Amino acid sequence: LDEAERRRVLVEWNDTARELPRGLVPELFEAQVARTPDAVAVVAEGAQMSYAELDERANRIAQFLVGQGVGAESIVGLCLPRGVDMIAAILGVWKAGAGYLPVDPDYPAERIAFMLRDSRSVLALTTEEILDELPAGRGRLVALDDPLTATQLAAAPAMSPGVVAEREGLAYVIYTSGSTGRPKGVAVTHGGLANYVTWAADAYGKGAGGAPLHSSLAFDLTVTSVLVPLVSGTAVVVSPAGGAEGLAELVRDHGGFAMAKVVPAHLPLLSELLADDRMASAARTWVVGGEALPGAAVRQWLERSPDSVVVNEYGPTETVVGCCVFEVAAGDPVDDVVPVGRPIAHTRLYVLDAHLRPVAPGVVGELYIAGVQVARGYVGRPGLTAERFVACPFESGLRMYRTGDLARWSAGGQLVFAGRSDEQVKIRGFRIEPGGEVQAVVAAHPQVAQSAVVAREDVPGDTRLIAYVVPTEPIGPDAELGKAIREFMARRLPEHMVPSAVVVLDALPLTVNGKLHREALPAPDYSGAAGPRREPSTHEEKVLCEVFAQTLGLPEVGVDDDFFELGGHSLLAVRLINQIRAVLNVEVPLRVLLGASTVAGLAQRLGSQKSARPALRPMRIQEES
Ligand code: AMP
């Protein structure tokens, strides 16, 4: 690089200095309450809550927490269902001076206990229903709806305890997949969070409509859906169902959002589920993040929704949600891989070689991120923190985060994502370390001698996690053992980290150097249950067999085959449900499918509840209590 080029990549393309945000997020929210106390802040389960009401609920939670000894730098777990209290609790934790740790109630009990312990949470807020499911030895858990707590909350002062958050203070800890066998908690500061939220509110939050909340609080993309509306005076519209199912419901039934935050896989799915008029009016800005954004998906989206804009937002949890963006509107030229664009306010991006020297535009290097959004590090993991958060050679005294992402600058100064330098993968937007955390769990199974976990894309656009195991005693291919190992993993890992298939092998294929020969690993066989396939005997079974096969991309499916064992996952489940609605005029909630995932099981649930009369609206199958 000559001096001019060096200046361009280090300084000119990183010229992001601006005025710092006017305040931290709790203050920005309170200022919004003062401006629009009666505006709707949250819509959940048909009910609404105003800014003033939400603030009061948050104040009472804060007063309660202070009474429990919570203060600056405390970590408070939030193991709550998506709803008003989840949002009030985030604000309440901050008003008490503490940081929150989001804990997804759907995670296996063991993982929840680990996160609470590992983060040294002083207590966790939950509900009585969730509390019943949680294991012993999990620390202090308080159910907000427990009669005693409810009384204490009602009696607590409606005023904020008046603790002022600090720029360097802890805002939240989010756990992300670990490369060394266990997940790691990223500690994000209020200053970093305020920078992102202020920037995002300006970029995405303007105008009426608010945002849908469908994703889990355990992922930082949810920060955009919750906090951007709340500092902009608009509403967070909560879907109780969650995931792609909840998102599809919200955009179909509600729509008209200012902004919706999604992962790339949601675009083709929504496109398939929504009628033209619904698509056009669903949201003005689609903020798409979490993994590489294919140009084709954006092109197809904008053809049908030409008044919306799609923003490719890039950012690791370690630098707060998003730190780099590229906007595409209808008519804009779109490359096959949409660039991730330019850094946002107070953020600097460096593409460096192995000696931390900047590389020229067009040359792929590793991406490092500096600026106010760089997190403190990993809770209780100084070694790992030192490895990933390194001294910035271009600004003395500053740190930068080493992303592990490969990237290059275009000639015009747009950053282009170019894959990973390690094994970390993204599957449907979820960050996963197959060879770290996931393999550690499969290796812990008593019948597993050797194992490998890899991400495969046997069907284009559908990356799946596959585990290969060599049993302690040779038994040849064994579907039952594969199933048992998968169940073992499901009890220990969140759903998105459980491999779609477990393949039993006599030996792992090795290269001449004795390393795993990845290319020689066989594709998993999804041909279904062992033994002769039982044919459908009723109309419903026949239709369901066809719909299962079509959704899963398989030639045939038998009555006893299980949707999830055949490689079905959450997004395919939403497609399946949509097909069943179209063909049988029946609405199957995802939870029903989770409990009855074979053709025979589901047909029985349909048969026992479906009305004999033809229904105008799809009839909704009730969940079993
Ligand atoms: P997470 O911490 O879950 O947000 O994951 C961060 C990682 O996801 C990054 O290091 C990238 O590998 C990937 N990622 C996030 N957003 C994008 C994007 N817009 N394009 C390409 N990769 C992305």
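Atoms within each ligand, like the ligands themselves, are counted from 1 in listed order. Any value given below was found using the heavy atoms of this structure, including those in side chains, with hydrogens, waters and symmetry copies removed. FYI, the numbering just counts along the sequence from 1. If you're wondering where the values come from, they're calculated on a predicted model, not measured in any experiment.
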Query raised in the report: For E318, is at least one N or O under 3.5 Å away from an N or O on ligand 1?
Result: no

Requested in this report: Would you mind running through ligand 1 and noting each atom that sits below 4.0 Å from a heavy atom of N312?
Outcome: 18 (C), 19 (N)

Report summary line: among protein heavy atoms, the one nearest atom 6 (C) of ligand 1 is P316 CA, 3.5 Å

Report summary line: Of all protein heavy atoms, the one nearest atom 21 (C) of ligand 1 is A292 N, 3.2 Å

Query raised in the report: Can you list the steps and then say if Y204 with W286 is a ring pair (Phe, Tyr, Trp, His ring centres under 6.0 Å)?
Result: CA-CA 9 Å; Y204 317 137; W286 290 87; over 10 Å; no

Report summary line: Closest heavy-atom pair, S308 versus L302, reported as atoms and distance to 0.1 Å, is O-CD2, 3.3 Å

Query - Taking atom 5 (O) of ligand 1 as the reference point, the nearest protein heavy atom with its distance - result: K426 NZ, 2.9 Å

Query raised in the report: Nearest to atom 12 (O) of ligand 1, what protein heavy atom do you find, and at what distance?
Result: D405 OD1, 2.6 Å

Report summary line: Here the atoms of ligand 1 under 4.0 Å from any heavy atom belonging to R420 are 10 (O), 12 (O)

Query - Chi angles and distances behind the side-chain contact (heavy atoms from CB on, under 4.5 Å) call for E313, V340 - result: CA-CA 6 Å; E313 187 187 76; V340 290; over 6 Å; no

Report task. Please name the pair of heavy atoms, one in P105 and one in L80, separated by the smallest distance, quoted to 0.1 Å. Result -> CG-O, 3.6 Å

Query raised in the report: Would you say T403 and ligand 1 have an N/O pair spaced under 3.5 Å apart?
Result: no

Query - N or O pair under 3.5 Å between G315 and ligand 1 - result: yes

Query raised in the report: Is it the side chain (CB and beyond), the backbone, both or neither of L221 that lies under 4.0 Å from ligand 1, heavy atoms counted?
Result: neither

Report task. Output yes when E291 and R428 qualify as a salt bridge under the 4.0 Å nitrogen-oxygen rule, no when they do not. Result -> no

**Report entry** Residue V340 vicinity, atoms of ligand 1 by number, heavy atom under 4.0 Å
**Finding:** 18 (C), 19 (N), 20 (N)

Report summary line: Nearest non-hydrogen protein atom to atom 16 (N) of ligand 1, with distance, is G290 N, 3.1 Å

Query raised in the report: At under 4.0 Å between heavy atoms, which part of E313 makes contact with ligand 1: side chain, backbone, both or neither?
Result: backbone

Report task. Give the minimum heavy-atom separation between L493 and P108, together with the two atoms involved. Result -> O-CG, 3.3 Å

Query raised in the report: Excluding sequence neighbours, so at least two apart, what forms salt bridge (charged side-chain N to carboxylate O under 4.0 Å, His left out) with D85?
Result: R57

Requested in this report: State whether the number of non-hydrogen atoms from other residues, nucleotides or ligands found under 6.0 Å of R420 atom CZ is greater than 12.
Outcome: yes

Report summary line: Here the pair of heavy atoms bringing P358 nearest to L1 is O-CD1, 3.4 Å

Query raised in the report: Based purely on interatomic distance, does R431 place a nitrogen or oxygen under 3.5 Å from a nitrogen or oxygen of ligand 1?
Result: yes

Query raised in the report: Would you say G404 contacts ligand 1, with heavy atoms under 4.0 Å as the rule?
Result: no

**Report entry** Donor-acceptor contact below 3.5 Å, side chain Q373 vs main chain Y196
**Finding:** yes

Report summary line: Any heavy atom of Y314 under 4.0 Å from ligand 1? The part involved is both

Report summary line: The protein heavy atom nearest to atom 18 (C) of ligand 1 is E291 O, 3.4 Å

Query - Residue E166 excluded, over 12 heavy atoms near CD under 6.0 Å - result: no

Query - Sub-4.0 Å atoms of ligand 1 with respect to non-hydrogen atoms of T317 - result: 1 (P), 2 (O), 3 (O), 4 (O)

